[in-house]
Enquirer: 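Please find one structure pasted underneath; my questions will follow.
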Amino acid sequence: MREVTIGANEAGQRFDKFLKKYLKEAGSGFLYKMLRKKNITLNGKKATGNEKLNQGDEIRLFLSD
């Protein structure tokens, strides 16, 4: 599991856009599938990807390396 805390630079952008930058190798379909299966959570809750990120938000990635 990997945890990411949103800083001032990432605040204000959409969650899915942040994930595409953070996980460069992953495709869009893979990211949305992981969001649906709750393998990627925002502040401990299921996310859809269209949320706006705020400073201090916690992202948890339950992905194998």
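What you see is a predicted model, and the numbers here were worked out from it, not measured in a lab.
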Enquirer: Quick one: closest heavy-atom pair of L42 and A47, and the distance?
Expert: CB-CB, 4.0 Å

Enquirer: Just wondering, do D16 and T48 contact through their side chains at under 4.5 Å, heavy atoms?
Expert: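 No, too far: nothing below the 4.5 Å cut-off.
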
Enquirer: So L61 and T41, side chain to side chain contact (heavy atoms under 4.5 Å, CB included) or not? Walk me through it.
Expert: CA-CA 7 Å; L61 304 157; T41 61; over 6 Å; no

Enquirer: Spell out, as yes or no, whether a donor-acceptor pair under 3.5 Å connects the side chain of K37 to the backbone of M34.
Expert: no

Enquirer: What are the two closest heavy atoms between K52 and G12, and how far apart are they?
Expert: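 Shortest heavy-atom separation between K52 and G12 comes out as CD-O, 3.4 Å.
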
Enquirer: Check whether Q13 reaches the backbone of A11 with its side chain - one donor and one acceptor, N or O, closer than 3.5 Å.
Expert: no

Enquirer: Side-chain contact, heavy-atom cut-off 4.5 Å: Y22 with V4?
Expert: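 Yes. Closest side-chain heavy atoms under 4.5 Å.
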
Enquirer: Would you mind reporting whether L31 and L23 have side-chain heavy atoms less than 4.5 Å apart?
Expert: yes

Enquirer: Same hydrophobic cluster for F62 and I59, using side-chain heavy-atom links shorter than 4.5 Å among ILVMFWY?
Expert: no

Enquirer: Between R60 and I40, is the side chain to side chain contact (heavy atoms under 4.5 Å, CB included) condition met? List the steps.
Expert: CA-CA 6 Å; R60 289 200 175 109; I40 301 175; over 6 Å; no

Enquirer: If you apply the rule side chain to side chain contact (heavy atoms under 4.5 Å, CB included), what do you find for R14 with N50, and how did you get there?
Expert: CA-CA 6 Å; R14 280 176 50 127; N50 60 0; 3.8 Å; yes

Enquirer: Measuring from atom CG of L19 to atom NZ of K24, what distance do you get when rounded to the nearest 0.5 angstrom?
Expert: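 Between L19 CG and K24 NZ, I get 12.0 Å after rounding to 0.5 Å.
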
Enquirer: Given side chains that start at C-beta, do those of F15 and D57 come closer than 4.5 Å, heavy atoms only?
Expert: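 The answer is no; the side chains never approach within 4.5 Å.
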
Enquirer: Do N54 and I6 have side-chain heavy atoms sitting under 4.5 Å apart?
Expert: no

